[in-house]
Amino acid sequence: MPKTDMELLALSLPKPDQTMPQFPPAHPFDDDKLREECGVFGVIGVTDAANFVALGLHALQHRGQEAGGIVSHHPDEGFNSVRRFGYVRDNFTKQSLMETLPGPLAIGHVRYSTAGSKGAAIRDVQPFFGEFSMGGAAIAHNGNITNADALRRELIERGSIFQSSSDSECIIHLMARSLQRNIPERMEDALRRVEGAFSIVAMTRSELIGVRDALGVRPLVMGKIGDGYVLSSETCALDIIGADFVREIEPGEMVVISDEGVESSFPFRRKSSRFCIFEHVYFSRPDSIIGGRSVYETRRQIGVELAREAPVDADLVCPVPDSGTPAAIGFAHESGIPFGMGIIRNQYMGRTFIEPTEQIRNMGVRLKLNVNRALIRGKRVILVDDSVVRGTTSRKIKEMILDAGAAEVHFRIASPPTAWPCFYGVDTPQREKLLAATMSEDEMREHLNVDSLKFISLDGLYRAVGEAEGRSNSCPQYCDACFSGEYPVEPSDMIKKGFELKAAE
Ligand code: SF4
């Protein structure tokens with residue numbers, strides 16, 4: 001009997017490998033956030049480019065902590081690659097290892113898995129490498145290919161042998177089948193078949209390549225260091241290596257950087273930009289610049305808008321650290337209510353507790369956050385957080401604040417209710433597990449058992465990111481699907497189904 005699409009897809013995916021490490025989240029008790037999946041970085045035209053890439057990936061570690069990889073090229077020694085599980089600082093700091101990645105050209109990738117198996121195998125770690133008749137190429141992908149299931153099935157039927165479960169590997173196989181004469185053109189060919197979100201950094205023996213999908217959902221910027229060039233997910237990673245910001249790669253643009261300079265083209269049909277608005281709210285580092293705006297300043301402005309939309313009488317504005325801090329500063333400034341660090345974050349809660357015991361797990365959020373009792377006692381407290389996903393952490397924080405003697409607890413959230421999953425490179429729980437998917441704002445307030453709960457409106461968020469008219473009166477320049485349910489690229493039923501299976505694991 002012919003197999004169904006889902007059966008074919010299931011057959012093509014590697015089975016869970018008993019030996020593969022099953023990593024907990026970077027912060028084992030920080031699973032109540034949407035999670036950005038990848039960061040990409042590449043450098044050309046500097047001595048020992050891989051050292052710069054390691055530093056860049058370290059600055060992008062917030063975009064993925066599960067694994068990282070670097071590929072370099074040296075004119076005499078060819079391509080070299082190292083891919084490892086764990087933090088960049090634990091893997092790419094040893095001189096003996098970095099010496100195995102020589103050359104003036106290198107790219108790298110940090111990841112948390114989105115497409116591909118959870119608790120991934122090393123074969124899912126990027127960059128991916130392919131050897132073509134005109135030479136090798138490596139690619140690092142941030143985003144999610146929404147037609148990956150159909151592409152994978154077609155490629156397997158035509159003889160491709162996949163090495164990983166990652167949707168990004170489709171790009172390498174599509175390039176292998178292209179009849180174009182050089183690698184950038186083959187990449188163009190391949191990406192014309194791909195739907196969804198992608199910001200890609202790739203390399204050949206002599207070129208560094210950057211590409212963004214036509215909607216520009218995920219970020220990608222270009223910098224300059226000496227005579228060399230840099231491509232990075234965020235500007236904060238340019239700063240760490242002393243590179244100057246040049247410009248953002250535009251939606252639908254491909255840049256090919258070589259000894260000859262930068263060649264730009266727009267190989268895909270141009271559409272209006274739909275950049276991920278959640279990059280402003282949470283994913284990007286506050287010291288990055290997006291669209292000419294400081295992420296920190298945008299988050300502070302979200303707090304200002306929130307204070308205007310949802311004022312409340314209180315004694316103290318307190319951020320849920322660290323991501324709620326800029327919005328809390330904005331809220332306090334606009335409302336005139338004093339700002340205070342009523343919750344202190346333990347900065348050293350990384351993978352210290354790789355396998356926490358049940359007893360330690362029960363301590364939950366207290367391991368990561370502690371209440372500043374002397375500040376909180378007797379006060380009416382406004383807690384400002386960036387988002388509410390499942391609501392589990394919010395409940396625990398409220399209990400800690402009340403235990404510390406707060407008179408009232410009011411939640412103010414710096415994003416609209418997160419009610420829809422993301423299919424563009426962000427790890428999201430199943431829709432039923434999103435608190436806002438099943439409850440009204442009032443029901444959420446009751447569920448969290450707080451004195452008041454308010455989210456910023458979509459219009460308010462758009463004003464904070466610089467759209468003076470808000471969202472309603474302007475053509476949306478952003479993807480806001482996790483708040484609105486309006487997807488700029490409709491995912492296929494199989495992707496939705498695959499998402500449900502993965503999220504249910
Ligand atoms: S759905 Fe859109 S706005 Fe939400 S996280 Fe995904 S890309 Fe960003």
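Numbers here are sequence positions counted from 1. Both ligands and their constituent atoms are indexed starting at 1 by order of listing.
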Considering only heavy atoms of V217, which atoms of ligand 1 have at least one such atom less than 4.0 Å away?
-> 7 (S)

Is a side-chain donor or acceptor of D386 paired with a backbone partner of A414 at a separation under 3.5 angstrom?
-> no

Under 4.0 Å, heavy atoms only, figure out whether ligand 1 is touched by the backbone of R218, its side chain, both or neither.
-> side chain

What count do you get for protein N/O/S atoms less than 2.8 Å from atom 4 (Fe) of ligand 1?
-> 1

State plainly whether the residues R63 and E279 are in salt-bridge range, i.e. N to O under 4.0 Å.
-> yes

What pairs with E154 under salt bridge (Lys or Arg N to Asp or Glu O under 4.0 Å), at least two apart in sequence or on another chain?
-> R158, R193

Could you list the residues that satisfy ring pair (Phe, Tyr, Trp, His ring centres under 6.0 Å) with Y229, not counting sequence neighbours?
-> none

Spacing of OG belonging to S415 relative to CG belonging to D480, to within rounding of 0.5 Å = 12.0 Å

For residues F268 and V211, report the shortest heavy-atom separation together with the two atoms involved.
-> CE1-CG1, 3.6 Å

Could you list the residues that satisfy ring pair (Phe, Tyr, Trp, His ring centres under 6.0 Å) with F129, not counting sequence neighbours?
-> F79

